[in-house]
Amino acid sequence: MKKKFLSLTLVLCMILALAACGGSGGSTGGGSGSTGGGASSSGDSGSSGGGDSAGYDELTIIAAHGASEATSEHASFVKFKELVEEKSGGAVKVDLYPNQQLGGDREYTEACIQGNVTMGGPSAANMAPFVPALNAFETPFMVSDRETIYKALDSDAGQALLDSLEGSGLKGLGYFENGFRQLTCNKEINSLSDLSGLKIRVMENEIHLAIWTALGANPGPLAFGELYTALQQKSFDAQENPAELIYNTKFFEVQDHVYRTNHIYTPYIIYMNLDVWNGLNEATQELIQECMDEAVAYCREICAENEQNCFNEIDNSGRSKVYDVSEDLYNEMVAACASVYDLVIEKAGGTYAQDLWAAAGFSPN
């Protein structure tokens with residue numbers, strides 16, 4: 001772990017050095033004495049300087065995420081990059097680092113809080129140690145379709161969850177889609193009893209552990225980057241992730257069955273270092289938010305088709321098959337999770353979970 005941390009630190013230092021030397025004449029951090037709206041000196045996560053003729057601050061955004069280049073998340077970050085660079089006339093630039101190049105979700109989130117990365121897009125569950133309110137998204141079986149979750153994300157409750165990031169030094173900008181989580185395993189699952197004792201890898205999140213314990217499985221956390229090898233070596237019988245990650249990370253090569261359980265909808269939380277954001281002038285802030293809103297809309301346009309393409313490729317791979325769970329099994333799983341909802345409320349704190357549920361039209365009773 002120490003070696004991995006040192007490697008990440010060296011990579012970040014090299015990136016910052018390049019950002020300081022290159023770009024459009026800006027200096028890293030902008031300087032605390034700036035009156036023209038450059039990034040504040042406490043956030044060394046982007047190059048900023050004067051402004052262009054349209055009044056935009058010069059800024060180089062270092063954007064990190066953990067998904068592969070073939071995913072909707074990366075395509076949406078690329079869309080954001082294209083939009084903001086074009087509309088700012090080159091004043092705002094975006095350097096993208098996908099596929100865990102700057103570490104996993106927690107590592108680059110911590111780096112962003114500390115000011116070494118400008119922007120990130122981790123899964124909500126991996127953000128929860130920094131922003132407990134985001135545990136509201138780990139509600140099992142809260143929604144079953146995209147139209148409903150989009151309505152909830154766009155509601156006051158969804159905005160309140162983004163605003164809750166500010167307590168950790170981050171500015172919430174929007175939600176990209178990770179997707180509905182699905183179960184993969186090496187055995188047939190026809191009833192709740194088939195889940196009994198199933199050794200399943202889950203994220204290191206107390207709610208996820210409670211969900212699979214309630215379903216009768218034997219859950220255990222493991223770093224995402226180690227999961228393929230663990231499945232290959234049969235250290236785990238199963239795992240759960242959205243379809244794009246199952247396909248692009250090749251989990252279907254080492255798992256015989258993919259079950260469309262849709263047990264949790266997982267958004268990616270898109271944020272920016274708060275000090276950098278606060279150091280920008282109003283025109284630049286508005287531009288970044290406008291371009292992010294357009295990137296979110298683009299993500300929603302492509303994610304359903306991308307998900308279905310991943311299911312089709314898995315089905316045609318000869319390695320694994322995709323199955324829909326029966327209505328009876330689905331109802332059994334929903335009923336078994338009744339004990340988890342109080343935990344969601346407790347971990348999210350305040351009324352974050354209840355407000356999100358109301359926006360989604362969900363009742364745990």
Side-chain angles (χ1 to χ4, degrees), residues 104-106 109 122-144 149 152 157 161 164 178-185 187 189 191-224 226-227 230-231 235-242 245-246 251 259-269 325 328-360 362-365:
D105 283 356
R106 294 194 186 189
T109 295
S123 292
N126 287 335
M127 276 288 291
F130 305 99
V131 186
L134 297 178
N135 278 301
F137 287 114
E138 308 319 310
T139 303
F141 304 105
M142 178 176 66
V143 294
S144 58
I149 190 59
L161 286 163
S164 71
N178 193 346
F180 287 97
R181 305 187 75 83
Q182 319 295 353
L183 170 68
T184 74
C185 56
K187 62 178 290 189
I189 306 294
S191 68
L192 200 62
S193 62
D194 292 326
L195 293 174
S196 180
L198 188 73
K199 190 172 183 182
I200 181 171
R201 177 270 179 187
V202 298
M203 287 187 287
E204 192 174 348
N205 179 280
E206 189 173 345
I207 297 172
H208 283 236
L209 288 164
I211 289 169
W212 290 98
T213 298
L215 291 171
N218 178 20
L222 182 72
F224 183 79
E226 301 173 18
L227 181 51
L231 293 171
S235 300
F236 286 90
D237 306 315
Q239 67 87 44
E240 51 85 54
N241 260 300
L245 293 183
I246 293 169
F251 294 149
Y259 285 98
R260 284 192 278 224
T261 50
N262 290 342
H263 50 278
I264 291 176
Y265 176 88
T266 301
Y268 287 120
I269 312 298
V325 297
D328 287 344
L329 174 54
Y330 184 86
N331 290 335
E332 281 186 295
M333 295 177 75
V334 172
C337 288
S339 61
V340 178
Y341 298 116
D342 285 343
L343 179 63
V344 175
I345 293 172
E346 174 191 338
K347 292 300 177 182
T351 61
Y352 288 109
Q354 298 96 316
D355 292 344
L356 185 66
W357 297 350
F362 171 75
S363 175
N365 300 322

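A distance below 6.0 Å separates the ring centres of Tyr341 and Phe362.
Interatomic distance, Leu343 CG to Cys337 SG, rounded to the nearest 0.5 Å: 11.5 Å. Atoms CZ and CG, from Phe137 and Asn135 in turn, are 11.0 Å apart once rounded to the nearest 0.5 Å. To the nearest 0.5 Å, the span separating CG on Leu215 from NE2 on His263 amounts to 8.5 Å. With rounding to the nearest 0.5 Å, the separation of CG in Leu227 from CZ in Phe236 is 7.5 Å. Remark: His208 NE2 to Ile264 CD1 distance equals 4.0 Å, nearest 0.5 Å. Atom OH of Tyr352 is separated from atom CD1 of Ile345 by 15.0 Å, given to the nearest 0.5 angstrom.
Heavy-atom contacts from other residues, nucleotides or ligands closer than 6.0 Å to CD of Glu206 number 12 or fewer.
A pairwise comparison of heavy atoms in Ala238 and Leu231 identifies O-CD2, 4.0 Å as the closest pair. Here the closest non-hydrogen pair linking Val344 and Pro140 is CG2-CD, 4.5 Å. Of all heavy-atom pairs between Val202 and Glu240, the closest is CA-OE2, 4.3 Å. When all heavy atoms are compared, the tightest approach of Ala124 to Leu134 is O-CB, 4.1 Å.
Annotation: side chain of Phe251 is in contact with side chain of Asn241 (closest heavy-atom distance under 4.5 Å). Using a 4.5 Å heavy-atom cutoff, the side chains of Arg181 and Thr261 are not in contact. Asn262 places none of its side-chain heavy atoms less than 4.5 Å from the side chain of Ser144. Counting heavy atoms from C-beta on, the side chains of Thr109 and Met127 come closer than 4.5 Å. With a 4.5 Å cut-off on side-chain heavy atoms, Met333 and Asn331 do not count as touching. Annotation: side chain of Leu245 is in contact with side chain of Asn178 (closest heavy-atom distance under 4.5 Å). Using a 4.5 Å cut-off on side-chain heavy atoms (C-beta onward), Val143 and Phe180 make contact.
Residue pairs meeting the salt bridge (Lys or Arg N to Asp or Glu O under 4.0 Å) criterion with at least one partner in residues 192-202, sequence neighbours excluded, do not occur; the list is empty. The salt bridge (Lys or Arg N to Asp or Glu O under 4.0 Å) analysis of residues 333-343, with sequence neighbours excluded, yields no pairs.
Residues passing the salt bridge (Lys or Arg N to Asp or Glu O under 4.0 Å) test with Glu138, sequence neighbours excluded: none.
A donor-acceptor pair shorter than 3.5 Å cannot be found between the side chains of Asn126 and Asn205. Between Thr139 and Trp357, the side chains place a donor N or O and an acceptor N or O closer than 3.5 Å (distance only, hydrogens not considered).
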